[in-house]
Structure formats: structure tokens, C-alpha cells
Amino acid sequence: MKSILILFASALMLLILTACGQQSAAMISPVDVDITLQVEPEPLSVGETTLVITLTDSSGSHVDGAKLQVHGDMDHAGMTAVNREAHESTNGIYRVPFEWTMGGGWIVTVTAQLPDGSEISKTFEFFVEAVSSESIINRGNNTENTAVNIGYRSDHDPAIGGDAIVTITLTGKDGRPITDAVVEVTGDMAHHGMMPISGTGEHTENGQYVVPLRWTMAGDWIVTVNIVLVDGSQFEQIFNQQVITP
């Protein structure tokens, strides 16, 4: 009889422990929460920005009190990642100061530690322009009222790192090719710290000048084309060029 009672007590204790374990597991199971991300301002360009991150549960209610970790990295190797944290929110909206340090493709991962201790994560992809469309560089690219039309073409689009050729096409306002100009091309990265590259154009035919360059790094480049005509007049135009790893 005593052994039966011990066996019964052991079975009862096992059932209690199992129930407690199931209850504990249910308590720490993650809540169904979605992460959305918007960026201010748009369009995206190199420089300071704000990530507007919103957390909502399956019922549409806002989730406050979470701790966010934001990890931003370029979609190619060699660039320093950008990391930010945030924990303050209003109606489930977390505003996170961020910086696009370079133009090109970005992968941003948002990890949220929720108030119940569970953790969720979501990844977003963005493309950042090397120079804002409102920049004075782009506003100065309109050659409609100048005596020279300058065309730019890379041998690949996007360009491939290493030795390359770009073709500059020059025509007058009347559409006739300009065959006797001096063409200089300079390329610089959209961020500081990289050595610029340069090349001189050689006329081939119909106002086309081939310029040898060497793209020294993947990313977004600012290409400046300088033109000097035989009468001494000078013209300049800026182009954006994306370069990828071969």
C-alpha cells in the first residue's frame, strides 16, 4: 500500500511540474508583433536621416516600452556598419536618428526586445543616392542653355570595379559633333577619404571621346567631366556613377 501511495504521489507531482512548465513556456512565447519602417526625409540620399519605426500587435494596437537595436550595413563588403538604439516611443512609434554614410544599397535590420521579454527582428532594404536631387551638383547639370551638350556612358551599367572605359559625347546646340575639344574626367567617391581618379579623353569618331579610368572601390562615385573648346571656353558637368565589385 505504501509503495502505491508513493507511486501515486510521484505521478501527481510529475503532472504538476509538467503543467507548470507548459504555463511558463506559454508566458514567454513571443507576442505576434509587426515592425514597419519609414524614412524621413525622402528621397534617400547620403547624410543624416530619421528612421520612423512602428510596432503593432496582431490586433492593431501600438506596442510601447520596447528596446530597439538598429543595424545598418551596405550590401557589399568593406564599409563600416551604422548601429543605433532607441527605447522611447509615442503610440508605438520610435524615431531613431540615423546616417547614410554612403550611397548605394543598404540592409537595415531592426531588432526589438518586447516588454514581455520576447524578441523579434525584421530586415529592410534601401537604395541611397550618392547626392540629393536637391543638391547644387544636380541642379547644375542642366546644359540646355549652354553651347555644348555633354553625354556620358560607362562600358557597364553599373560599372565594374577595376580598369574601365567611359565614353563622353560632345555636340553643339545644332547637334553637330565636336571633335577637337580637350576632355578631362575626374571621379571621386561620394564620401570623404578616398583618392580621386582621373583620365583624359581621346577622340574616336562623331564627337565621341574614350576615357580610360580605374574604379578603385565599389560604391557611388561623382564623376566630373571638364571640357575645353578650341576657342578657350570651358564647360563642366557632373554625373553619378554606381560601381560594383567584379
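Because only heavy atoms are used, hydrogens play no part in the values below, and waters and symmetry mates are left out as well, while side chains stay in.
Under the 4.5 Å side-chain heavy-atom criterion for ILVMFWY residues, no single connected hydrophobic cluster contains both I93 and V63. Put simply, I244 and M189 are part of two different groups of oily side chains (I, L, V, M, F, W, Y) that touch within less than 4.5 Å, one to the next. Both L170 and F235 belong to a single network of hydrophobic side chains, linked directly or stepwise wherever heavy atoms of I, L, V, M, F, W or Y lie under 4.5 Å apart. Both V70 and V82 are assigned to one and the same hydrophobic cluster, defined by single-linkage of ILVMFWY side chains at heavy-atom distances under 4.5 Å. When hydrophobic clusters are built by joining Ile, Leu, Val, Met, Phe, Trp and Tyr residues whose side-chain heavy atoms come closer than 4.5 Å, directly or via intermediates, L114 is grouped together with V96.
Of the listed residues (N91, L68, D64), just one forms a side chain to side chain contact (heavy atoms under 4.5 Å, CB included) with L55, and that residue is L68.
Remark: H87 NE2 is loosely packed, at most 12 non-hydrogen atoms of other residues, nucleotides or ligands lying under 6.0 Å away. Counting heavy-atom neighbours within 6.0 Å of E99 CD, excluding the residue itself, gives a total above 12.
G161 and P246 get closest at one heavy-atom pair: O-CG, 3.8 Å. Between Q237 and I150, the shortest heavy-atom contact is OE1-CB, 3.4 Å. Closest approach of Y209 and T179 over heavy atoms only: OH-C, 3.0 Å. Here the closest non-hydrogen pair linking S89 and G65 is OG-N, 4.0 Å. Of all heavy-atom pairs between G201 and V211, the closest is CA-CG2, 3.5 Å. The heavy-atom pair separating K122 from I35 by the smallest distance is NZ-O, 3.0 Å.
No salt bridge links E88 with R95; every basic N to acidic carboxylate O contact stays at or beyond 4.0 Å.
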Check step by step if ring-ring contact (aromatic ring centres under 6.0 Å, His included) holds for F124 and W106.
CA-CA 8 Å; F124 304 85; W106 281 78; over 10 Å; no

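Taken to the nearest 0.5 Å, the CG atom of L213 stands 4.5 Å off from the CD1 atom of I197. For the atom pair CH2 (W221) and CG (N240), the distance works out to 13.0 Å, reported to the nearest 0.5 Å.
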Without placing hydrogens or testing angles, list every side-chain donor-acceptor pair under 3.5 Å for residues 222-230, not counting sequence neighbours.
none

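Other members of the cluster containing V210 are I165, with ILVMFWY side chains joined at under 4.5 Å, either directly or via other members.
Looking at P41 and T49, their side chains come closer than 4.5 Å, going by heavy atoms from C-beta outward. Contact check for E48 versus F98: no side-chain heavy atoms found under the 4.5 Å cut-off. Within the 4.5 Å cutoff, the side chain of W215 has no heavy atoms near those of the I160 side chain. Residues V185 and I168 meet the side-chain proximity criterion, which asks for heavy atoms closer than 4.5 Å. The shortest distance between side-chain heavy atoms of W100 and V39 falls below 4.5 Å. Inter-residue side-chain proximity for H203 and Q208 is flagged as unmet; no heavy-atom pair is nearer than 4.5 Å. Using a 4.5 Å heavy-atom threshold, the side chains of T36 and Q38 count as separate.
Remark: T123 engages T109 in a side chain to side chain donor-acceptor pair (under 3.5 Å) (not counting sequence neighbours). In this structure, the side chain to side chain donor-acceptor pair (under 3.5 Å) partners of R214, at least two apart in sequence or on a different chain, are D163. For N83, the side chain to side chain donor-acceptor pair (under 3.5 Å) criterion is met by H71, not counting sequence neighbours. With sequence neighbours left out, the side chain to side chain donor-acceptor pair (under 3.5 Å) criterion links T245 to no other residue.
Put simply, the side chain of Y152 never gets that close to the backbone of T169: no donor and acceptor are under 3.5 Å apart.
A side-chain donor from one of T200 and E184 sits under 3.5 Å from a side-chain acceptor of the other.
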